[in-house]
Amino acid sequence: MTVYTQANHNNHLSQCLPSCEEAVIEPSKNLFKTLAIWNQRFQQRKQLAKLDDRMLEDIGLNRADVDCEINTPFWR
């Protein structure tokens with residue numbers, strides 16, 4: 001008969017936790033990274049929409065290009 005002790009329990013947890021942490025932390029990191037990218041796109045498109053035609057010409061864009069870009073969903 002095997003006696004289950006606190007030491008056995010702690011040993012089991014120490015073997016389990018790294019994989020459990022990876023299962024939770026890695027997807028969370030990816031989620032936050034994705035949210036940061038989406039926020040950056042949103043902010044950049046907001047700034048692009050504020051540029052006047054002269055400024056757009058300076059960077060080689062026209063109003064049609066900008067309208068197309070700012071109407072693109074943030075996740076694309």
Side-chain angles (χ1 to χ4, degrees):
M1 173 167 59
T2 303
V3 177
Y4 193 75
T5 65
Q6 184 66 34
N8 291 346
H9 178 72
N10 290 343
N11 187 34
H12 174 74
L13 283 178
S14 67
Q15 291 172 354
C16 174
L17 285 178
S19 61
C20 294
E21 287 175 2
E22 288 174 9
V24 172
I25 291 174
E26 287 306 314
S28 297
K29 285 181 183 178
N30 291 337
L31 174 64
F32 286 116
K33 190 180 206 179
T34 299
L35 292 174
I37 290 169
W38 287 355
N39 183 55
Q40 185 179 34
R41 286 181 191 158
F42 176 77
Q43 296 300 326
Q44 289 173 346
R45 289 173 180 161
K46 199 162 77 169
Q47 291 297 317
L48 187 60
K50 293 179 182 180
L51 299 178
D52 63 27
D53 290 336
R54 181 188 55 80
M55 292 176 181
L56 292 175
E57 187 179 333
D58 286 347
I59 60 173
L61 295 175
N62 60 43
R63 185 57 55 194
D65 294 334
V66 171
D67 288 342
C68 182
E69 181 63 28
I70 64 175
N71 289 316
T72 303
F74 61 88
W75 58 88
R76 291 191 195 158

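Quick caveat, the model's predicted, so the values are computed rather than measured.
Listed by chain and residue number, R54 satisfy the salt bridge (charged side-chain N to carboxylate O under 4.0 Å, His left out) test with D58 (two or more places apart in sequence, or in another chain). Checked against ring pair (Phe, Tyr, Trp, His ring centres under 6.0 Å), F42 has no partners two or more places apart in sequence or in another chain. Applying the side chain to side chain donor-acceptor pair (under 3.5 Å) test to R41 and every residue at least two apart in sequence or in another chain returns nothing. With sequence neighbours left out, D65 forms a salt bridge (charged side-chain N to carboxylate O under 4.0 Å, His left out) with no residue at all.
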Check: residues 67-76 side-chain donor-acceptor pairs under 3.5 Å, at least two apart:
residue, atom, partner, partner atom, Å
E69, OE2, R45, NE, 2.8
E69, OE2, R45, NH2, 2.9
N71, ND2, D67, O, 2.7
T72, OG1, C68, O, 2.9
T72, OG1, E69, O, 3.3

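Rounding to the nearest 0.5 Å gives a distance of 13.0 Å between CG of L51 and CD of E57.
Within the structure, side chain to side chain donor-acceptor pair (under 3.5 Å) pairs that include any residue of residues 27-40 do not occur (at least two apart or interchain).
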